[in-house]
Number of protein chains: 2
Amino acid sequence: MSAINESLTILMNLAKVQSIVSRRFDRLNMHGIGFTDFMILYFLNQSAGQSMRRIDLAEKAGITASGITRTLLPLEKIGLVGRETNGRDARVSYVILTEAGKQLFNNASGTANALATEIISAENAANNGMLFELLTQLGGNIN
Amino acid sequence: MSAINESLTILMNLAKVQSIVSRRFDRLNMHGIGFTDFMILYFLNQSAGQSMRRIDLAEKAGITASGITRTLLPLEKIGLVGRETNGRDARVSYVILTEAGKQLFNNASGTANALATEIISAENAANNGMLFELLTQLGGNIN
DNA sequence: GTATAATCATTGACTAATCAAGTATATGTC
DNA sequence: GACATATACTTGATTAGTCAATGATTATAC
């Protein structure tokens, strides 16, 4: 009884680490946006035409369809992202990265990189490569 | 510009994976409790005397002091944990695992183990060991 | 021993998400 | 071409936490 296997221990550690990390990021109050917001700007910036379907953004960030609606609302309000419809499919609405959003992302990424490096010490670069691989395996490639 | 380093990529992947994993666990509606609740019962069960200070529980789970207050409230209400004061230090209040809490934990751990194993395929046990090590390094030992 | 600082826990106000249900549109089947 | 099913997105109600402030107690410094 109460025999917790290694997989479950890993997932509990994952939960703990993520909780600590996201709190540290949100505490930065990185240019007024949170970590999830930052990820969204990142995905948009990476994408062709700086534009993605809302559902694809949600999938990439690991949140739900309703989650993306709720998350984008304030970003739209402050003008970091815009909205565009699809002529072929009226169900779809694209999210586009505005110039302001792009600029904020470029500024914020410096701060974010620095904190990430502080958290994941660069000492053990080999291990980091492995960690990256494993998380990618679990979550699908994020790039 | 927009040069995201490996550390930050790792943290974004971490966020995504954790989001997906916790949603899967919560969706189980594991005997009426969520994943954080499960972790708390686990820590209590592990501890000497099935009893811990609230602040230590919070630290171990990676949440804040107010978070533990809020999380424990419903668990107390349904009788999975109880409360005890410390004669020597009136600031402290201990959380104790009740018999009901112990029983529920024992039942839930089967379900949780199974899902964890499903998520983290046992195929690559060596990698899992590494992942465990790395997360432990990042979050402090969870055992 | 008194003042100051630190620790433990809680509360009010808030945010970031969830799910379940609903709306609108598109696609496949017959 | 009508009907059933699937997809994209939004909304209402709810939950799980956060932070900042506060209360209560204990420890430290002088």
Side-chain angles (χ1 to χ4, degrees), chain A residues 15-30 32-41 51-78 81-96, chain B residues 15-30 32-41 51-78 81-96:
Chain A
K16 178 182 182 179
V17 169
Q18 166 57 16
S19 177
I20 294 169
V21 167
S22 85
R23 204 156 52 239
R24 277 187 80 174
F25 268 98
D26 288 351
R27 236 178 155 150
L28 276 184
N29 204 5
M30 195 166 41
I33 61 170
F35 190 59
T36 303
D37 303 322
F38 176 80
M39 285 177 68
I40 284 171
L41 297 185
S51 160
M52 286 178 75
R53 301 194 315 160
R54 301 167 103 72
I55 188 72
D56 295 331
L57 253 183
E59 202 281 329
K60 224 157 170 22
I63 62 180
T64 62
S66 75
I68 201 73
T69 297
R70 298 248 136 94
T71 303
L72 287 175
L73 210 73
L75 298 184
E76 261 181 279
K77 211 172 276 179
I78 60 177
V81 302
R83 178 186 288 257
E84 221 166 54
T85 52
N86 180 337
R88 270 166 238 197
D89 188 339
R91 291 169 305 181
V92 170
S93 132
Y94 283 94
V95 190
I96 49 175
Chain B
K16 178 182 181 179
V17 169
Q18 166 57 17
S19 178
I20 295 169
V21 167
S22 84
R23 205 157 49 242
R24 277 188 80 174
F25 268 97
D26 288 351
R27 240 188 148 140
L28 276 184
N29 204 4
M30 192 168 42
I33 61 171
F35 191 57
T36 301
D37 302 324
F38 176 80
M39 284 177 68
I40 284 169
L41 297 185
S51 161
M52 285 178 76
R53 301 193 316 160
R54 300 165 105 72
I55 189 70
D56 295 332
L57 252 183
E59 201 283 328
K60 224 157 172 22
I63 63 180
T64 62
S66 74
I68 201 73
T69 297
R70 297 248 137 92
T71 303
L72 288 174
L73 209 72
L75 298 185
E76 260 181 280
K77 210 172 276 180
I78 59 177
V81 301
R83 177 186 288 258
E84 221 167 54
T85 52
N86 180 338
R88 269 166 238 197
D89 188 339
R91 292 169 304 183
V92 171
S93 133
Y94 283 94
V95 189
I96 50 176

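Throughout, protein chains are lettered first and strands after them, A, B, ... in sequence-line order, and every chain is numbered starting at 1.
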Take the protein atom [atom1] of [X] and the nucleotide atom [atom2] of [N], then report the distance between them rounded to whole Å.
X     : N      : atom1 : atom2 : value
B:F25 : C:dA17 : CZ    : P     : 20 Å
A:Q18 : C:dA17 : CD    : C1'   : 13 Å
B:R53 : D:dT25 : CZ    : P     : 17 Å
A:E59 : D:dA8  : CD    : C1'   : 14 Å
B:D26 : C:dA20 : CG    : C1'   : 16 Å
B:R91 : D:dG23 : CZ    : C1'   : 13 Å
B:L57 : D:dG17 : CG    : P     : 13 Å
A:L28 : D:dC19 : CG    : C1'   : 15 Å

For a quick check, tell me whether the side chain of A:T64 and the base of C:dC19 share a donor-acceptor pair closer than 3.5 Å. no
Donor-acceptor pair under 3.5 Å: do we get one between B:R23's side chain and the base of C:dT18? no
For [X], which contact category applies under a 4.0 Å heavy-atom criterion: base, sugar-phosphate, or nothing?
X     : result
A:S93 : sugar-phosphate
B:R70 : base
B:I63 : sugar-phosphate
B:A65 : base

Within the structure, does a side-chain N or O atom of A:R27 lie under 4.0 Å from either OP1 or OP2 of D:dA20? yes
Distance below 4.0 Å between A:T71 side-chain N/O and C:dA17 OP1 or OP2: yes
How bent is the helix from C:dG1-D:dC30 to C:dC30-D:dG1, measuring the angle between the end axes built from five pairs each, rounded to 10°? 30°
Would you say that B:M52 contacts B:V95 through its side chain, given a criterion of any heavy-atom pair below 4.5 Å between the two side chains? no
